[in-house]
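Here is the structure we will look at, set down as structure tokens.
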Amino acid sequence: MFKRILLATDGSAASDHAATLAISLARTHGATLTALYVVDPYPYLGIGEANPMGFNAYMEAARGHGAEAHARVAQMAAEGGASVPLVTRLVEDVSVIEGVLETARDTQADLIVIGSHGRTGIARVVLGSVAAKVVAQSPVPVLVTR
């Protein structure tokens with residue numbers, strides 16, 4: 001049923017749970033799994049003078065965090081049975097929602113798997129829900145885990 005599964009990961013516990021499910025589905029269906037980490041745009045561009053040292057430090061830290069998230073998914077995919085074809089992608093300069101949806105289109109994903117942090121109340125209203133926005137805008141099925 002699924003041949004190309006996209007896993008959106010941010011290295012959190014919610015993403016680890018999503019990875020477990022995505023890996024299981026990829027094994028069951030013989031699908032390729034793409035693990036995606038999206039680097040949020042640098043938050044201080046356009047505010048006063050840009051500090052290249054701050055930008056470089058931000059990008060280096062974000063790329064390192066992405067590499068750690070990908071390594072964790074690769075480790076999980078290697079454990080417990082048949083190997084899962086795994087592709088890792090790091091996307092920069094777009095919002096997480098845009099990065100997930102663009103990568104889903106680029107990889108022709110049949111399914112997007114994403115973890116939810118489970119925010120409720122005012123935190124959800126103020127911060128929004130990336131998972132909810134992906135569900136609302138995705139042309140393919142989205143599995144949201146918590």
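Being a predicted model, the structure only gives us computed values, none of them experimental.
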> Which atom names give the shortest non-hydrogen contact between Thr145 and Ala14, and what distance separates them?
Replying inline: OG1-O, 4.0 Å

> So which heavy atom on Pro85 is nearest to which on Ala31, and how close?
Replying inline: CD-O, 3.7 Å

>> If I compare all heavy atoms of Ser15 with all of Ala8, which pair ends up nearest, and what's the gap?
In response: OG-O, 4.1 Å

> Minimum heavy-atom separation for Ala109 to Val140, with atom names?
Replying inline: O-CG1, 3.3 Å

> Is a side-chain N or O of His65 found less than 3.5 angstrom from the main chain of Gly11, in a donor-acceptor match?
Replying inline: no

>> Do Val144 and Val96 land in one hydrophobic cluster if side-chain heavy atoms of ILVMFWY residues count as linked below 4.5 Å?
In response: yes

> When rounded to the nearest 0.5 angstrom, what distance separates NE2 in His70 from OG1 in Thr9?
Replying inline: 7.0 Å

>> Show every salt bridge (charged side-chain N to carboxylate O under 4.0 Å, His left out) that has at least one partner inside residues 1-11, sequence neighbours left out.
In response: Arg4-Asp110

Under 3.5 Å donor-acceptor pairs involving side-chain atoms of residues 33-40, not counting sequence neighbours:
none

> Say you draw a straight line from CE of Met1 to OG1 of Thr28; how long is it, rounded to the nearest 0.5 Å?
Replying inline: 12.0 Å

> Going from CZ on Arg105 to CG on Leu6, what distance comes out if it is rounded to the nearest 0.5 angstrom?
Replying inline: 11.5 Å

> If you round to the nearest 0.5 Å, how far is NZ of Lys133 from CD1 of Ile97?
Replying inline: 4.5 Å

> Which heavy atom in Glu79 sits nearest to a heavy atom in Arg27, and how many Å separate them?
Replying inline: O-NH2, 2.6 Å

> Should we count CD of Glu60 as having more than 12 external heavy atoms under 6.0 Å?
Replying inline: no

> To the nearest 0.5 Å, how far apart are CD in Gln108 and OG1 in Thr32?
Replying inline: 12.0 Å

>> Ignoring hydrogens, what is the shortest heavy-atom contact between Leu90 and Gly66? Give both atom names and the distance.
In response: CD1-CA, 4.1 Å

Output side-chain donor-acceptor pairs under 3.5 Å for residues 17-25, partner residues at least two apart or in another chain, one line each.
residue : atom : partner : partner atom : Å
Thr20   : OG1  : Asp16   : O            : 3.1

